[in-house]
Number of protein chains: 2
Amino acid sequence: MKSKATSFDIAHQAGVSQSTVSRALRDSPLVNPETRERIKQIAKQLNYKVDKNASNLRSQHSDTLALLLFEDPTSDESQINPFFLSMLGSITRACKDNGYDLLVSFQRLEEDWHAEYEDTHKADGIILLGYGDYTDYKGKLDQLQENETRFVLWGASSDAQPGITIACDNFTGGYDVAKHLIQQGRKNIAFIGGASDRCPEFFDRYKGCCQAQQDAGIEVKQSLQVDAITTEQSGYAGALQLMAMQQSFDAIFCASDLIAVGAMKALRDKGVKIPEQVAVVGYDNIPLSEFTRPALTTVQQDTKLAGSMLVEALVALINNKPVSSQLLPAKLIVRQSSTN
Amino acid sequence: MKSKATSFDIAHQAGVSQSTVSRALRDSPLVNPETRERIKQIAKQLNYKVDKNASNLRSQHSDTLALLLFEDPTSDESQINPFFLSMLGSITRACKDNGYDLLVSFQRLEEDWHAEYEDTHKADGIILLGYGDYTDYKGKLDQLQENETRFVLWGASSDAQPGITIACDNFTGGYDVAKHLIQQGRKNIAFIGGASDRCPEFFDRYKGCCQAQQDAGIEVKQSLQVDAITTEQSGYAGALQLMAMQQSFDAIFCASDLIAVGAMKALRDKGVKIPEQVAVVGYDNIPLSEFTRPALTTVQQDTKLAGSMLVEALVALINNKPVSSQLLPAKLIVRQSSTN
DNA sequence: CTGAAAGCGCTTACAG
DNA sequence: CTGAAAGCGCTTACAG
């Protein structure tokens with residue numbers, strides 16, 4: 001490697017002090033416009049870039065955010081939930097729009113992620129995006145809080161949980177799904193997905209679903225809820241489990257699109273017609289949901305908005321500005337898998 | 001924020017010099033094992049983490065790799081090609097396995113990415129993962145080369161292109177697809193995807209496809225090739241275009257799964273039966289390919305292997321070890337969309 | 001508007 | 001095996 005130019009080299013060429021170079025390059029109003037232009041000109045010529053390590057060390061912030069994706073240890077190594085990937089994309093873009101770099105890391109629950117990034121000054125704050133068992137990482141969240149690490153969390157609705165949360169309105173999303181199914185004449189709605197505090201997002205969707213049934217005067221059949229994590233395999237297994245029970249159902253609300261895709265496959269394998277015999281609805285509106293056959297009715301979470309809200313909330317936190325948790329609207333997208 | 005402990009705090013508590021602390025924490029053999037343990041103990045107690053900015057500045061490397069995803073400017077902002085996301089996942093993991101952090105950035109071709117990361121010392125090297133028009137960024141690659149930036153590139157087969165490339169054997173992949181289709185009795189194979197030096201990966205797949213036809217004594221109908229970029233929309237349009245031509249075909253080889261998903265939708269919309277009337281084959285084996293209906297025959301690129309090879313090649317480059325471009329095997333995965 | 005100087009928190013010759 | 005000292009390349013009071 002050629003040795004890189006430093007601010008001293010520029011100062012020398014420009015005939016000014018190194019401090020002035022530093023100021024000029026950061027557009028400080030303290031420096032004479034002409035001098036500034038001259039300095040910038042030389043910097044460009046020398047292909048000079050500010051050394052981030054040095055500037056970060058001195059200024060004690062990195063202008064970098066860390067995104068920690070943590071996942072259910074049981075899920076397949078090579079697959080990433082498309083919904084989270086979509087979030088990753090929007091977060092990457094939002095970081096850029098806000099002038100931050102993004103460090104991305106996948107973490108397993110067992111690991112010592114809580115602290116790694118901010119304590120080492122590699123990042124000014126952390127965005128947590130996860131699935132899996134909430135109870136498992138509650139403790140780590142508390143630790144982050146205690147270390148006064150700046151972080152924002154996606155997805156769990158406002159619980160006794162520490163920190164700022166940006167979430168989708170899962171309850172209303174679930175409510176709208178069930179309301180739609182009932183309008184389509186479905187009376188026995190099954191639910192595939194965890195329904196406990198361990199997975200509060202799914203639980204909220206289920207609660208909304210139950211509420212809509214009650215509001216319509218339909219008795220909720222709790223036996224029609226089977227657990228699943230958000231993979232096709234788990235959805236496939238869940239649907240088989242439902243069909244094996246001696247209880248009829250005419251609709252399945254799946255807690256995620258991935259689960260729905262697996263469930264549809266299981267229904268087909270058993271010769272069950274979708275939507276004639278059983279309507280299927282997912283959640284997330286992942287790209288593939290439009291292309292399943294029949295196309296999957298689902299609930300859209302606005303990942304673009306979510307990404308920018310996460311980043312903006314974290315940036316506000318970093319700048320000691322007031323921030324509050326936010327709930328984003330969910331939008332039902334009706335397709336063929338649930339319409340008669 | 002509480003002010004973080006420094007190596008001096010630890011030195012003070014341990015009754016040694018700061019240099020010794022630094023050595024102990026990096027497991028230098030120069031330090032007495034007992035002293036080392038004591039120091040580590042104290043570091044843990046104080047929740048001490050090495051300041052990366054300081055250590056990077058001093059040691060002149062960051063132990064960080066930058067991943068630059070650059071994309072076709074025409075493609076939808078919110079969508080990311082699932083194949084690249086899969087690569088992102090495997091690269092993230094490979095970085096971790098090699099002790100590197102990963103900076104991720106999405107770049108548009110117009111931007112000034114060529115230099116940003118390594119010149120600022122934020123990363124020791126760059127992994128480039130892109131789609132879109134190769135001729136457009138050839139110039140930037142040359143610039144990287146000239147600046148002696150360490151980088152590796154995914155996906156373009158060994159051209160006159162500068163730098164180390166890790167790629168899939170697209171020619172053989174395409175060859176195997178056509179061979180399979182011919183074995184299934186198909187005689188008129190259409191191709192949806194660009195076929196020019198502007199997208200060498202697709203082009204190689206097409207070349208392999210043509211070669212297999214020639215080897216089987218089938219005349220290649222060049223008019224059955226229509227351009228497409230790797231989106232469902234583009235695949236949909238491409239299939240419509242094919243059907244509008246007054247030329248019959250009984251198979252479509254799509255240059256990517258995304259294209260294939262769109263093409264299948266177009267065929268269905270026109271009442272064409274898959275695979276009875278037209279067989280469809282994709283490329284990439286994205287997660288959804290298994291769940292389309294019929295399930296999509298495709299070619300698997302081993303993203304896990306690819307990710308680790310990219311990272312390992314780049315790390316070797318950084319350490320001035322010999323590295324060479326590599327071609328990974330492609331594996332045909334036969335499903336219902338192409339079998340009689 | 002500009003410069004000389006201190007210092008961010010480490011790593012690494014150098015000396016012992 | 002250990003310590004005192006220099007220095008990585010910046011930013012930022014401080015003084016003018």
Side-chain angles (χ1 to χ4, degrees), chain A residues 1-40 42-43 46-64 101 117-124, chain B residues 1-40 42-43 46-64 101 117-124:
Chain A
M1 308 288 304
K2 298 179 228 181
S3 76
K4 304 267 156 74
T6 72
S7 50
F8 282 95
D9 299 328
I10 298 176
H12 184 72
Q13 278 211 25
V16 296
S17 73
Q18 181 269 338
S19 341
T20 300
V21 171
S22 175
R23 287 190 193 100
L25 262 18
R26 281 173 299 111
D27 288 318
S28 162
L30 288 174
V31 48
N32 182 306
E34 279 170 35
T35 317
R36 180 172 62 224
E37 284 321 305
R38 188 156 44 85
I39 289 171
K40 286 195 169 185
I42 294 170
L46 294 183
N47 202 13
Y48 170 80
K49 306 278 177 195
V50 172
D51 185 307
K52 278 291 177 186
N53 292 132
S55 69
N56 292 347
L57 173 59
R58 180 56 231 248
S59 60
Q60 294 295 294
H61 59 81
S62 63
D63 290 338
T64 300
D101 277 314
Y117 287 92
E118 197 184 334
D119 286 357
T120 58
H121 289 283
K122 282 190 290 198
D124 297 335
Chain B
M1 308 289 303
K2 297 179 227 177
S3 74
K4 304 265 157 73
T6 72
S7 51
F8 282 94
D9 299 327
I10 298 177
H12 183 74
Q13 278 210 26
V16 295
S17 74
Q18 181 268 341
S19 342
T20 301
V21 171
S22 175
R23 289 191 191 99
L25 262 18
R26 282 173 299 112
D27 289 318
S28 161
L30 287 174
V31 50
N32 182 307
E34 279 172 34
T35 316
R36 178 172 63 223
E37 285 318 306
R38 190 157 43 88
I39 289 171
K40 286 195 169 185
I42 294 170
L46 294 183
N47 202 12
Y48 170 79
K49 306 276 177 197
V50 172
D51 184 307
K52 278 292 176 185
N53 292 132
S55 68
N56 291 348
L57 173 59
R58 180 56 231 248
S59 59
Q60 294 296 297
H61 59 82
S62 63
D63 290 339
T64 299
D101 277 314
Y117 285 92
E118 197 186 334
D119 285 356
T120 58
H121 289 283
K122 282 191 290 198
D124 297 335

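Residue numbering restarts at 1 for every chain, and letters A, B, ... go by the order of the sequence lines. Just so it is clear, the structure is predicted and the values come from calculations on it, not from any experiment. Quick note: numbers below take in every heavy atom, side chains included, and nothing from hydrogens, waters or symmetry partners.
Under the 4.5 Å side-chain criterion, counting only non-hydrogen atoms from C-beta, Ile39(A) is not in contact with Arg36(A). For the pair Ser62(A) and His121(A), the minimum side-chain heavy-atom distance is 4.5 Å or more. Looking at heavy atoms from C-beta onward, Asp63(B) lies in side-chain contact with Asp124(B) at the 4.5 angstrom threshold.
Of the nucleotides present, dG3(C) is the one that pairs with dC14(D) by Watson-Crick or G-U wobble criteria, both distances under 3.5 Å.
At the heavy-atom level, Ser55(B) lies under 4.0 Å from the strands shown only through sugar-phosphate atoms. Nucleic acid contact class of Thr6(B) (heavy atoms, under 4.0 Å, all strands): sugar-phosphate only. Within the nucleic acid shown, Ser19(A) comes within 4.0 Å of at least one base atom, counting heavy atoms only.
Residues of residues 23-33 of chain A having a heavy atom closer than 4.0 Å to DNA chain D, listed by number: Arg23(A), Arg26(A).
DNA chain D is contacted by both Gln18(A) and Arg58(B); Arg58(B) maps to the nucleotide lying nearer its 5′ end (nearest heavy atom per residue). Mapping His61(B) and Ala54(B) onto DNA chain C by nearest heavy atom places Ala54(B) at the nucleotide closer to the 5' end. Remark on DNA chain D: of its neighbouring residues Gln60(B) and Thr20(B), the 5'-side contact belongs to Thr20(B), judged by nearest-heavy-atom nucleotide.
Between the side chains of Arg26(A) and Ser22(A), at least one donor-acceptor pair of N or O atoms lies under 3.5 Å.
Of all nucleotides in DNA chain D having an atom under 4.0 Å from a heavy atom of chain B, the first and last in 5' to 3' order are dC1(D) to dG9(D).
In this structure, Leu57(B) and Ala54(A) approach most closely via the heavy-atom pair CD1-CB, 3.7 Å. The heavy-atom pair separating Leu46(B) from Gln13(B) by the smallest distance is CD2-NE2, 3.7 Å. Here the shortest heavy-atom pairing between Leu25(A) and Tyr48(A) reads CD2-CE2, 3.4 Å. Of all non-hydrogen atoms in His61(B) and Asn56(B), the two that sit nearest each other are O-OD1, 3.1 Å.
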